[in-house]
Participant: 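There's a structure below that I have some questions on.
Residue numbers run from 1 in the order of the sequence given. Because the structure is a prediction, the values reported are computed rather than measured.
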Amino acid sequence: MKMALIAFAALTTALCVAGCSSSKESAGAGAPDPSGNPLPAETEPERDPSPSATFGYLIQNENCKCPEFSTTDRKNPVGYTFQATYKMEEGFITSIKIGFENRSADTLFLDPGTVMVSSKNIDYQYNNKFLPLPDMAIPPGESEDLELDGKEVTSSPTWRKIAGEKLTLTLKGMRLGDTVLGTQTITFVPENPLLQDQD
């Protein structure tokens with residue numbers, strides 16, 4: 001099974017994290033200073049997840065909220081599988097994997113088609129723009145994977161953008177023999193590590 005790579009490098013995911021940073025009193029907070037006045041409580045700084053950690057997206061399609069989603073073309077024997085992950089490395093880096101399964105007697109051609117990734121909050125390089133799919137032909141009975149990679153374009157990366165983020169992927173224009181396949185639209189919602197393990 002071959003894997004093709006295509007960059008979608010620039011979506012826009014500006015997320016607001018409300019109530020996700022935790023504030024605690026330090027051990028000595030509230031104790032009086034030498035003049036007898038109480039000291040102000042100290043606020044614990046926001047704890048960002050490890051930059052080496054990779055997090056997943058949940059796909060919200062057809063009453064599913066799952067890390068991997070499979071579907072088929074409505075009129076033709078072509079199957080699709082979608083999944084995605086992201087990490088923070090001087091900005092958000094997102095990777096979307098699409099599996100194509102040709103169950104027909106005709107060849108599946110990706111190259112007439114296009115793909116668009118739209119982010120609600122993150123500024124990727126080609127956010128909301130259709131890009132051509134690679135020159136890939138999938139013979140009858142075979143499967144191939146396509147990976148889309150995108151990096152946020154920003155001068156001030158922040159985890160706050162992850163709150164409320166939503167990613168939409170649109171595939172259209174692919175052909176099965178001479179037949180144009182239906183459009184596929186997939187919605188991704190990222191795991192928010194800032195909401196986990198809060199004391």
Side-chain angles (χ1 to χ4, degrees), residues 1-13 15 53-87 92-122 124 126-151 162 164-193 195-196:
M1 179 183 295
K2 295 182 292 183
M3 168 93 65
L5 297 174
I6 183 172
F8 65 87
L11 297 81
T12 305
T13 304
L15 319 155
T54 299
F55 304 97
Y57 284 83
L58 291 179
I59 300 170
Q60 296 184 339
N61 275 70
E62 299 178 10
N63 298 317
C64 172
K65 192 172 183 180
C66 40
E68 183 174 294
F69 176 72
S70 296
T71 189
T72 58
D73 185 85
R74 294 192 177 193
K75 298 180 179 179
N76 301 279
V78 173
Y80 305 91
T81 302
F82 301 89
Q83 60 186 91
T85 58
Y86 76 93
K87 60 183 178 178
F92 287 94
I93 299 174
T94 292
S95 178
I96 301 173
K97 183 178 177 181
I98 308 170
F100 298 88
E101 183 181 0
N102 184 0
R103 305 167 186 158
S104 80
D106 294 313
T107 299
L108 172 61
F109 298 97
L110 301 193
D111 59 289
T114 57
V115 60
M116 179 173 69
V117 178
S118 300
S119 168
K120 178 182 177 184
N121 295 329
I122 298 174
Y124 293 97
Y126 300 108
N127 195 38
N128 296 317
K129 296 180 181 178
F130 277 104
L131 300 176
L133 287 169
D135 183 5
M136 181 187 290
I138 305 174
E142 295 193 13
S143 301
E144 300 289 354
D145 288 337
L146 174 66
E147 189 166 303
L148 311 176
D149 292 319
K151 188 178 190 308
I162 206 63
E165 164 64 342
K166 181 169 69 174
L167 200 65
T168 302
L169 175 124
T170 305
L171 283 172
K172 69 176 186 178
M174 298 167 297
R175 285 191 298 108
L176 183 63
D178 294 326
T179 302
V180 178
L181 297 176
T183 298
Q184 295 290 327
T185 302
I186 306 295
T187 301
F188 300 85
V189 175
E191 172 188 359
N192 189 340
L195 297 177
Q196 300 175 356

Participant: Nearest 0.5 Å please: distance from the CD atom of E101 over to the CD atom of E142.
Facilitator: 11.0 Å
Participant: Quick one: does any side-chain atom of Y126 pair with a main-chain N or O of M116 as donor and acceptor, under 3.5 Å?
Facilitator: no
Participant: Between S119 and N127, does the side-chain hydrogen bond (donor to acceptor under 3.5 Å, both in side chains) criterion hold? Intermediate values first, please.
Facilitator: CA-CA 7 Å; S119 168; N127 195 38; 5.0 Å; no
Participant: Only distances under 3.5 Å count here; give the side-chain donor-acceptor pairs of residues 75-85 to other protein atoms, sequence neighbours excluded, each with its distance to 0.1 Å.
Facilitator:
residue	atom	partner	partner atom	Å
N76	ND2	D73	OD2	2.9
T81	OG1	S70	OG	3.3

Participant: Just wondering, do T94 and L167 contact through their side chains at under 4.5 Å, heavy atoms?
Facilitator: yes
Participant: For the residue pair S118 and N128, what are the closest heavy atoms and their distance?
Facilitator: OG-OD1, 2.7 Å
Participant: Should D145 and I98 count as side-chain neighbours, where that means a heavy-atom distance under 4.5 Å?
Facilitator: no
Participant: Using 0.5 Å steps for rounding, measure from the CZ atom of F100 to the CG atom of L171.
Facilitator: 5.5 Å
Participant: Search all heavy atoms of T107 against all heavy atoms of A137 and return the closest pair with its distance.
Facilitator: CG2-CB, 3.9 Å
Participant: Starting at CG of L133, measure out to CG of L110 and round the result to the nearest 0.5 Å.
Facilitator: 5.5 Å
Participant: Just how far is it from atom CD of Q184 to atom OG1 of T170, taken to the nearest 0.5 Å?
Facilitator: 10.0 Å
Participant: Compare every heavy atom of F55 with every heavy atom of P193, then report the nearest pair and how far apart it is.
Facilitator: CB-CE2, 3.5 Å
Participant: Atom CG in L181, atom CZ in R74: separation rounded to 0.5 Å?
Facilitator: 13.5 Å
Participant: Report the C-alpha separation of T185 and L169 in whole Å, then their side-chain angles, then the decisive distance to 0.1 Å, and conclude whether the side-chain contact (heavy atoms from CB on, under 4.5 Å) test is met.
Facilitator: CA-CA 6 Å; T185 302; L169 175 124; over 6 Å; no
Participant: A side-chain contact here means heavy atoms from C-beta on lying under 4.5 Å apart; do F130 and K172 qualify?
Facilitator: yes
Participant: For the residue pair R103 and T72, what are the closest heavy atoms and their distance?
Facilitator: NH1-CG2, 2.9 Å
Participant: Before giving the answer on side-chain contact (heavy atoms from CB on, under 4.5 Å), spell out for L131 and T114 the whole-Å C-alpha distance, their side-chain angles and the decisive distance to 0.1 Å.
Facilitator: CA-CA 5 Å; L131 300 176; T114 57; over 6 Å; no
Participant: Looking only at heavy atoms, what is the nearest atom pair of G164 and K120, with distance?
Facilitator: O-CD, 3.3 Å
Participant: Quick check against the 3.5 Å criterion: does N61 have a side-chain atom that pairs as donor or acceptor with the backbone of T187?
Facilitator: yes
Participant: Within the side chain of D106, is there an N or O that forms a donor-acceptor pair under 3.5 Å with the backbone of L176?
Facilitator: no
Participant: Would you indicate whether the side-chain heavy atoms of P139 and N102 approach each other to under 4.5 Å?
Facilitator: no
Participant: Find the distance between CE (M174) and OG1 (T183) and round it off to the nearest 0.5 Å.
Facilitator: 8.0 Å
Participant: Answer whether the closest heavy-atom distance between the side chains of L146 and P134 falls below 4.5 Å.
Facilitator: yes
Participant: Under the criterion side-chain contact (heavy atoms from CB on, under 4.5 Å), I'd like the reasoning laid out for I93 against Y86: C-alpha separation, chi angles, the key distance, then a yes or no.
Facilitator: CA-CA 5 Å; I93 299 174; Y86 76 93; over 6 Å; no
